[in-house]
Amino acid sequence: MKLYPLKFGKVYKDYIWGGRNLSKIGKELPESGNVAESWELSCHKNGMSTIINGEYSGMTLEDYIKNFGREVIGTTLPQKDVDKFPLLIKFIDANDRLSVQVHPSDEYAFAHENGELGKNEMWYILDAEPGATLVAGVAEGVTKESFAKAIEENRVEECLNYINVKPGDVINIPDGLVHAIGKGIILAEVQQNSDTTYRVYDYNRVGADGKTRPLHVEKSLETINFSYTGKSCKSAEGLKISVGQNTEKTVKIANKYFSIELYELKNGKIMEKADGDKFYVYIICGGSGKISYKEGAQDIKMGETLLIPAAMGEYTIEGNLTAIKTYVPDIDKDVISVLLQNGYSKEEIYAKVEGLNQ
């Protein structure tokens, strides 16, 4: 088979809180209507990605993986990641605030959502209006009982923890963390391959049909981790590593579901390798450049997402750009040992890379 970086077509979602702002990151939007989400790389029944470049143009990601299996996914990842691609990548336009919601754990989702996965996710803020905020966690002192009473009395907003955000911030959203994206924010999202969300509060608004959207109060209360308060919900500081000519990467988040590494190339160049172990995904968050590999080269620019098949071999990325590299890591081999080799202590690693204890 021919192995090359894969690009994917548009899968747009028109939820009521969306707008037209994804055009700011290079998306070609339909002539009218809201675009709330662009599912960039998805192997989920609710929005399947289709390859748009090269020999396999027109093939769905699901069929591509069925045909080529571990040459795409890698030899070290478990069979479940071959059977169901583990990640889902989105761009989100919060033209209005999203509902207050929570995601379940794998165990809870499996038991209550017909075998679906739970959802751990992260947000990278691409653009934010001055003063933009989001919800991450409950306020100090809020308990399950006091939160349930606040739901009954329509006082949910006073029980939440709000944080200010700006472009470049990284927010880790583990399962059980109550959260909501605020108005005026565009972000990139990396998450488990799941579409399971429990909506606990929606500001009493109505949809296009004139009806309020359904809430999932009982499941939310069973799922929210009330130990996740404001003090534990912060942008990841991360740890920097020099990885090439005029290029740094910052390891921001690492857990069993995904690693988040932010690459910054300033007229830079990096040489990387997909050696068969695992696949990699690059989300181009700003700027432009080129990716070169054995079979050729492709231009890359802001708003694009690339899947690097596990067995593709050596490749080079160059240009002036910011990108998120994400993959399913071996925490010890891919994260901790690499940071130790670059002079960081275990104490620094656990203090500054979020998610290691999840």
Side-chain angles (χ1 to χ4, degrees), residues 3 5-6 41 43 61 65 68-89 105-107 110 117-122 124 170 172-175 189-194 236-244 247-263 270-283 293 305-315 317 323-358:
L3 294 169
L6 301 175
L41 194 166
C43 198
L61 179 57
I65 293 170
F68 304 119
R70 290 198 175 273
E71 290 186 88
V72 179
I73 302 300
T75 58
T76 61
L77 297 183
Q79 183 61 35
K80 67 181 179 64
D81 290 341
V82 180
D83 297 337
K84 183 174 183 177
F85 191 76
L87 300 180
L88 199 162
I89 313 297
S105 66
D106 286 344
E107 294 76 17
F110 185 85
L117 292 175
K119 193 196 293 188
N120 285 252
E121 63 190 29
M122 83 90 209
Y124 176 78
V170 174
N172 190 32
I173 308 291
D175 64 73
E189 178 177 283
V190 177
Q191 60 163 84
Q192 287 178 266
N193 185 6
S194 170
E237 180 177 350
L239 295 172
K240 289 185 181 295
I241 302 173
S242 178
V243 291
T247 302
E248 287 185 328
K249 78 172 178 181
T250 305
V251 181
K252 293 280 193 175
I253 297 172
N255 55 51
K256 66 181 181 179
Y257 305 105
F258 49 75
S259 180
I260 301 297
E261 300 173 357
L262 184 64
Y263 279 64
I270 55 170
M271 298 181 67
E272 307 248 275
K273 186 176 183 180
D275 61 4
D277 281 357
K278 59 179 69 67
F279 69 88
Y280 300 100
V281 176
Y282 289 86
I283 308 164
Y293 46 99
T305 298
L306 308 173
L307 172 62
I308 307 297
M312 194 180 83
E314 294 180 349
Y315 58 97
I317 299 175
I324 294 169
K325 179 183 180 182
T326 186
Y327 56 95
V328 180
D330 177 321
I331 296 295
D332 291 329
K333 176 184 174 184
D334 297 324
V335 181
I336 294 176
S337 64
V338 170
L339 290 169
L340 287 171
Q341 290 165 16
N342 279 271
Y344 293 111
S345 67
K346 280 192 174 181
E347 290 74 20
E348 286 178 294
I349 295 168
Y350 276 91
K352 296 185 178 181
V353 176
E354 289 195 42
L356 287 173
N357 294 316
Q358 283 178 238

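Just the heavy atoms: all of them, side chains too, but no hydrogens, waters or symmetry mates, feed the values below. Here the structure is a predicted model, which means the values were calculated and not measured.
- Here the closest non-hydrogen pair linking P329 and S259 is CD-N, 3.7 Å.
- P309 approaches A274 most closely through the heavy-atom pair O-CB, 3.4 Å.
- The minimum heavy-atom distance between K256 and V328, with the atom names listed, is O-CG1, 3.8 Å.
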Passes side chain to side chain contact (heavy atoms under 4.5 Å, CB included), M122 versus N255? Steps please.
-> CA-CA 11 Å; M122 83 90 209; N255 55 51; over 6 Å; no
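- In this structure the side chain of L41 never reaches within 4.5 angstrom of the side chain of L87, judged on heavy atoms.
- Here I241 contributes atom CD1 and N342 contributes atom CG; the two are 4.0 Å apart, rounded to the nearest 0.5 Å.
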Begin with the C-alpha distance, continue with both residues' side-chain angles, and end with the deciding distance and a verdict on side chain to side chain contact (heavy atoms under 4.5 Å, CB included) for Y293 and E272.
-> CA-CA 10 Å; Y293 46 99; E272 307 248 275; over 6 Å; no
Could you walk me through whether Y350 and I336 pass side chain to side chain contact (heavy atoms under 4.5 Å, CB included), step by step?
-> CA-CA 9 Å; Y350 276 91; I336 294 176; 3.5 Å; yes
Could you please spell out the steps behind the side chain to side chain contact (heavy atoms under 4.5 Å, CB included) verdict for E354 and V170?
-> CA-CA 10 Å; E354 289 195 42; V170 174; over 6 Å; no
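- Between the side chain of Y344 and the backbone N or O of K240 there is at least one donor-acceptor pair closer than 3.5 Å.
- Of all heavy-atom pairs between L77 and R70, the closest is O-NH1, 2.8 Å.
- Atom OG1 of residue T326 and atom OH of residue Y280 lie 11.5 Å apart, to the nearest 0.5 angstrom.
- Side-chain contact check for N193 versus P86: every heavy-atom pair is 4.5 Å or farther apart.
- Going from atom NZ of K325 over to atom CG of L262 covers 12.5 Å, rounded to the nearest 0.5 Å.
- For the residue pair L3 and A311, the shortest heavy atom distance occurs at CD1-O, 3.1 Å.
- For the atom pair I283 CD1 and Y124 OH, the distance stands at 10.5 Å (nearest 0.5 Å).
- Checking Q192 against D106 by side-chain atom types alone, a donor-acceptor pair falls below 3.5 Å.
- Heavy-atom minimum distance, C43 versus L61: CB-CD2, 3.8 Å.
- Of the inter-residue distances, the one linking S105 atom OG with N120 atom CG reads 9.0 Å to the nearest 0.5 angstrom.
- Looking at F258, Y327, F85 one by one, the single match for ring-ring contact (aromatic ring centres under 6.0 Å, His included) with F279 turns out to be F85.
- Within the structure, salt bridge (charged side-chain N to carboxylate O under 4.0 Å, His left out) pairs that include any residue of residues 328-338 comprise D277-K333, K278-D334 (at least two apart or interchain).
- Here the straight-line distance linking atom CG of D275 with atom CD of E314 works out to 10.0 Å at 0.5 Å rounding.
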